[in-house]
Amino acid sequence: MADYNPQAIEAKWQKRWADARVFETEADPSKPKYYVLEMLPYPSGTMHMGHMRNYTIGDVVARVKRMRGFNVLHPMGWDAFGLPAENAAIKNNTHPRVWTNNNIAEFQRVLRRFGFSFDWRREISTCEPEYYRWNQWFFLRMLERGLAYKKKSRVNWCPKCCTVLANEQVVNGYCWRHEDTLVETREIEQWFLKTTAYAEQLLDDLKLLEGGWPERVITMQRNWIGKSTGAKVRFALADFGNNQTGSVGREGSGSREGKPPHAEPACGAPAGIKSGAADTIEVFTTRIDTIYGASALILAPRHPLVAKLLAGSSEESTASAKLAEMQQSTVKAEELETADKVGFFTGRYAVNPFNGAEIPVWVGNFVLMEYGTGAVMCVPAHDERDFEFATKYGLSIPIVVQPGDGESLSNDPLKEAFTEYGKSVNSGPYSGLTTEEALDRMSAKAEAQGFGKRETVFRLKDWGISRQRYWGTPIPVVYCPKDGMVAVPDADLPVLLPENVKLTGEGESPLATTPEFVNVKCPKCGGDARRETDTMDTFVDSSWYFYRYCDPHNDKAPFDKGKVAYWFTIDQYIGGITHAILHLLYSRFWCKVMRDLGLVNHSEPVARLFTQGMVQKGGVAMSKSKGNVVGAEEMADKYGADTGRLYTLFAAPPEKDLEWSEESIEGSWRFLNRVYRLVERHAEAVRAVKGASGAAGAKAIAPNSAKEKQLLRKTHQALRRVTQDFETRWHFNSAIALIMDLTNEIYAMEPLGEGVRPEVQREVLELLTLMLAPMTPHIAAELWEMLGHEDGQWTAPWPAFDAELARETEVEIVVQVNGRVRGKLKVPAGMPEETVIPLAQAEPSVTQHLDGKRVVKHIFVADKLVNLVVA
RNA sequence: GCGGCUGUGGCGAAAUUGGCAUACGCGGUGGGCUUAAAAUCCACUGGGGUUUUCCCCGUUGUCGGUUCGAGUCCGACCAGCCGCACCA
């Protein structure tokens, strides 16, 4: 009799699984498939129990599905490019590839020690040319279709990373990697992928994900894409080019009162509208219906027209200083939140194309250059921000919408903006229309007259993928003095990342200082040319990696279409909520591009997404930088992988954060020991039983004593509920509780030798180990073997529970009086209402509560409850 | 401000359709085994009573509603966490 020795058992079974190639799968259209995937890790630091939780959840799903007869694809790989490798390499004076591959080796060792059922033949590493050449290939396809383009633009720049960041990588104005580093803006030429070309689809297709993705993630994506439908409207500038107007001395005082409102012109553009772009200001609005209430136009401080407007204006001298201050104001999120609205009058006026009113043109710090047109019309009565601004600067606040429901707004004074829909008033010919009608007709008018058009704008921006660092995929483009920008031909891929590069971590891209990389012959003319030296954002790597798993060693194409068609879509994707926007949005974009390239036939890559909670210690997520990690390897050394797996499944439901507790983990360890001792105690008797085992598919065993009956009933009841917990809901913690409970029940019936035949013992103990198999596969396999099975447990299907054996023959019925429990009744199951009610009324503990009262009504729930309602 | 999630014992948590709240585990207390300890096995662990295989009371953040019956459904509020945030 040996004690439970997890280290020996785990090593033994991991070897058996590898030797028997249990987890290796091939596409096979004759079998139902199941693709379960955990987000690929970035190989850095040490693997801790936070990582392990993620893979454990996926592994349970993979193993259950395998037992259920599915052909399961469950791969693993490495998100191997990225800045930390480069920074570590600089610090340690080594090469990023060496650092990365060391980490990969360690990560792999730890994952193997936990017995995760990965098909390791499909392992990918994104920093290998056999992988990243396909990043380049995709890039070229996008370039051909205008989905990749280069443009000079104001970009986010992290001074610590020394590189550009995507909008998605800026968190509250700080770098996503450096919480303490403010992102700067710089004007740089860089490459973009046109995610905006798919904005509408990315938004619409979220509907396909409902039910399969967490509502929260769908909402975050919807907000991020940020669709607004409205109209762009051009306002002509009044008197522009002539600074001798009567505007002096009337700054900021709303529209010019002296002029009578223009009558709606019968046809053609209102007076003053010219088609030239230089003297018009275009605004974007979702509420064109409120345009008669506009009392100013407000431009973003960085709006290109501002300087022109100020030149020679009456306000030039004072405004220029204010403008300069505004333009370099902070990007810090916390300060932006609380910042006051500030602005100044430009000295210029614009003409409202609907009524000809001249309204002042202002500059305001709250108007964003990045959204819409960088200019807004200020309608203080019907927009909160405009209201605040107008109140502060004394702009007029005309009411042009009244609430539909009787109560009407009045201007003496208006206390807050009315931003809802209602009825138009003071809006010329549109007065009396509902907001919806006014929106429609006024948009039509603007289009007919040519001074505006309906437009949809998105908050989503194109994805900036250029990075001025070394450790990433080279962008396959060459610049030739004669031919200009030339795409590298497919046949020349991959553009290899050179190995001998001086890494300084400063300023320029390291590739730019590597002549043997930069200097190249032009693919078109053969003359001297220079390579692009930017590398790709690593989110490119992870945008399509899960396709590569289907066909990881293909050197003719990113993947075989047939293989992908078999395995996709991903049935279950598992990862942290941190990737709710970045990775998942880019992946969805990539999928749609691939679909339009004819490579795949679906629009969404991931059918179901599960976001697991984090593992915390001391209330904060485990991370190396916080110094609160529980290393996965220490865990395996101390308790074994099975205990680690069991505990992370048991301590909290998978979607919830889990606070690590060294004390609680002892409970999981004790339980596995308890199961081990139980099986070991009866293994010899069980092995002596001849004939096929029940769990292996033979007919369920018939009990021939009360004790056997009870034991089998408890076992099959547990099996029924555990099956449900695995299949219909992911309640691993309650599944484990049920198995613990069953174990306790069996202990309470010891000695089993008295009154329980060995074949019944076998049935019960086999089912126990099969229920544990997906969660703690090593000990389950060992116990399975101890029970006399020589083939590995991996061939055993998930057992079916026997409804007949699970059926309760005697039930306890709760008797309530006026909803309060007053007694209990032990009766045979299935007893009818007319029999139970008199019994309930006769129950001594109940009669005292009926005492002299009349039962006016009774409720009967079969086998469960009686409620006597008394007056 | 907007959107979402979560509030259950000393702690982590359970409770499929509204039907015995607190399963399972941790921690705690007591006991068996042992020369002793560890390990292990057993019992108890919301409060109170007592005739202890029994009774009473309380209880799921707060207040109200629906219902024979609410942790669960509805409404309002409070607290905490997360996401978005001048998006025109």
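Every chain is numbered from 1 and lettered A, B, ... according to where its sequence line falls, protein lines coming before strand lines.
Comparing the P positions of B:C74 and B:U66 gives an interatomic distance of 16 Å, to the nearest angstrom.
Remark: A:Lys227 is not positioned above the aromatic ring of A:Phe458, lacking an NZ or CZ atom under 6.0 angstrom from the ring centre and at most 45 degrees off the axis. For the pair A:Arg674 and A:Tyr747, the cation-pi criterion (under 6.0 Å, within 45° of the ring axis) is fulfilled.
Contact annotation: A:Arg670 side-chain N/O to B:C26 OP1/OP2 distance is under 4.0 Å. The side chain of A:Asn744 places an N or O atom within less than 4.0 Å of a non-bridging phosphate oxygen (OP1 or OP2) of B:G25.
The NE2-P distance, from A:His579 to B:G83, rounds to 14 Å in whole Å.
In this structure, A:Phe344 has its ring center no closer than 6.0 Å to that of A:Trp362. You'll find the ring centres of A:Phe650 and A:Phe732 outside the 6.0 Å limit.
Counting distance only, with no hydrogens placed and no angle test, the side-chain atoms of A:Asn867 and the base atoms of B:C68 include a donor-acceptor pair under 3.5 Å. At a cut-off of 3.5 angstrom, the base of B:G19 holds at least one donor-acceptor pair with the side chain of A:Gln816. Taking only distance into account, the side chain of A:Lys864 never meets the base of B:C20 through a donor-acceptor pair shorter than 3.5 Å.
In this structure, B:G83 and B:C2 make a Watson-Crick or G-U wobble pair, each of the two defining distances being under 3.5 angstrom. As the counterpart of B:G7, B:C78 is assigned, both hydrogen-bonding distances of the Watson-Crick or G-U wobble pattern falling under 3.5 Å.
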